[in-house]
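For reference, the structure is listed below as structure tokens.
Just so we're clear, the structure is a prediction, and the values are computed from it rather than from any experiment.
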Number of protein chains: 2
Amino acid sequence: MFKKVLIAEDFQDTNKGIVDALETRLQIETIQEELYCDTAFNRFKLAYDKGEPFELLITDLSFKETHVKRRLTSGKELIDAVRGVDENCKVIVNSMIDDPGEINPLFTDQKINGYVCKGRYSLNELVNAIHEVYQNRTYVSPNLNLNAANAVHEMDKYDLMILKDLAEGYTKKEISARLKKQNISPNSESTIDKKVSRLFDEFGAKNTHHLIAKLIKQGKL
Amino acid sequence: MFKKVLIAEDFQDTNKGIVDALETRLQIETIQEELYCDTAFNRFKLAYDKGEPFELLITDLSFKETHVKRRLTSGKELIDAVRGVDENCKVIVNSMIDDPGEINPLFTDQKINGYVCKGRYSLNELVNAIHEVYQNRTYVSPNLNLNAANAVHEMDKYDLMILKDLAEGYTKKEISARLKKQNISPNSESTIDKKVSRLFDEFGAKNTHHLIAKLIKQGKL
DNA sequence: CAATCCCTTACAGATTTCCGTAAGGGATTG
DNA sequence: CAATCCCTTACGGAAATCTGTAAGGGATTG
């Protein structure tokens, strides 16, 4: 079994649950937990340089923003950074996200080894995932089937992201800037304009106020 | 200290972390965890009827939907149900939500005793919260200031009327015209501007999009 | 290969929002 | 009565929204 495992997860209580399970059910010797992507990466790099690398990284995808400016702010970035240091380290993602469309790229692009969808029995799942990954197999939460990734939504993930930001008071200019910073494309103000305008037609809204109100009332936001 | 505590939280790993903390740091004798609102309520009711009631309920607000149809699907509903059985049981909510506008009603309407915002150090907070609540005080995560929403400045009919129109996509010019036609005063565009701006401050909204979204989510629109 | 479609982007103009300043009127108070 | 406060209203400027036009690129098709 793995001897050195690093956990990045910003919910302290969740974190504690994972550590406990790993200790008691897998007898892993060294378990380090970090609450921030940055510190997690630093610890990873340090251990690698010392010649005592971590063998497995368990990370969430989303980390709450803090007042402190951080270089790494998402699990995705952390994985990229880690991959840049050590190609061979196993990675298991443990997140709430259950959209196959978002998870698939993690395997194809980020080369992760396992995905556990946070939920009622995720702790058991995580233990299974670690077993599988240790034996060089991949693991995916059984309750989500990555095959049926193409459910026809009226609003795709991109639209939803924009609408959520708008509903939180961000301007299209700010949203455009954010998308650029996160290397998400398309990201021009013009395209955002177009996307939202199309939603006006689809949902029969007069303007953004109206659209936001409708979507929230429909539970889609 | 409390002797019987019930935890409702659908993330098994989070759950585990809480249980662990409660056991080791508070020496609570009986800790029951449930992953569903329904089963949590059943357990609560059963214990109450037996004359061995729970003294404290710790619950999340949102629970993932499942294929199984459930009578209770949110923490709010669970709290209501519990309150219907035992008025005296303490309730602490442990959730990701950090919008004071959503949290305040929990105290005023649901009569909860504590609120802990899930985050990096929420486990420590939860322990503090339990201490406070045990001594008949209320607890609120310090990082979110309920003051912004604490002066629950009731929106009057006039504000409500304007906001509803805005949410339906009317411009302030149109609203002003309508008010004039209906002989409702004040009715100038300028006054409408001012009224809405004041609501930005009161509800901590960045702009109209934000304000509408907040109010609808709070059920005030 | 050319025609076509679709998506992204830039840009421009009209409208709307947002925010500050300021004037006027009514009510209250010392 | 004067001073003050609050509410309404007008106005102006900066920023944002909304809409239309147009150019360019990639993918598809015949």
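A close approach under 4.0 Å does occur between a side-chain nitrogen or oxygen of B/Ser188 and OP1 or OP2 of D/dT9. For the OP1/OP2 pair of C/dT9 and a distance below 4.0 Å, the side-chain nitrogens and oxygens of A/Asn187 include at least one atom meeting the criterion. Not one side-chain nitrogen or oxygen of A/Ser190 sits closer than 4.0 Å to the OP1 or OP2 atom of C/dT9. Applying the 4.0 Å criterion to OP1 and OP2 of C/dT17, one finds that B/Lys172 has every side-chain N and O outside that range. OP1 or OP2 of D/dT9 has not a single side-chain nitrogen or oxygen of B/Lys194 nearer than 4.0 Å. At D/dT9, one or more side-chain N or O atoms of B/Thr191 fall inside 4.0 Å of OP1 or OP2 (strictly under the cut-off).
Under the 4.5 Å side-chain criterion, counting only non-hydrogen atoms from C-beta, B/Tyr139 is in contact with B/Asn128. Residues B/Glu189 and B/Asp193 are not in side-chain contact: their nearest non-hydrogen atoms beyond the backbone lie 4.5 Å or more apart.
When the nucleotides D/dA16, D/dT9, D/dC18 are ranked by their closest atom to the side chain of B/Ser185, D/dT9 comes out on top. Picking from D/dT19, C/dT8, C/dT17 the nucleotide with the shortest atom distance to the side chain of A/Phe200 gives D/dT19. The side chain of A/Pro186 lies closest to C/dT8, out of C/dT8, C/dT17, D/dT17.
Taking a pair to require two hydrogen-bonding distances under 3.5 Å in either a Watson-Crick or a G-U wobble arrangement, D/dG20 pairs with C/dC11. Across all strands shown, C/dA22 is found opposite D/dT9 as a Watson-Crick or G-U wobble partner, with both distances under 3.5 Å. Using N1 to N3 plus N6-O4 or O6-N4 for Watson-Crick, or N1-O2 and O6-N3 for G-U wobble, each under 3.5 Å, D/dA2 pairs with C/dT29.
Classification of the A/Phe2-A/Tyr134 ring pair by plane angle, with boundaries at 30° and 60°, yields perpendicular.
A cation-pi arrangement is present between A/Lys4 and A/Phe54 under the rule of less than 6.0 angstrom and at most 45 degrees off the ring axis.
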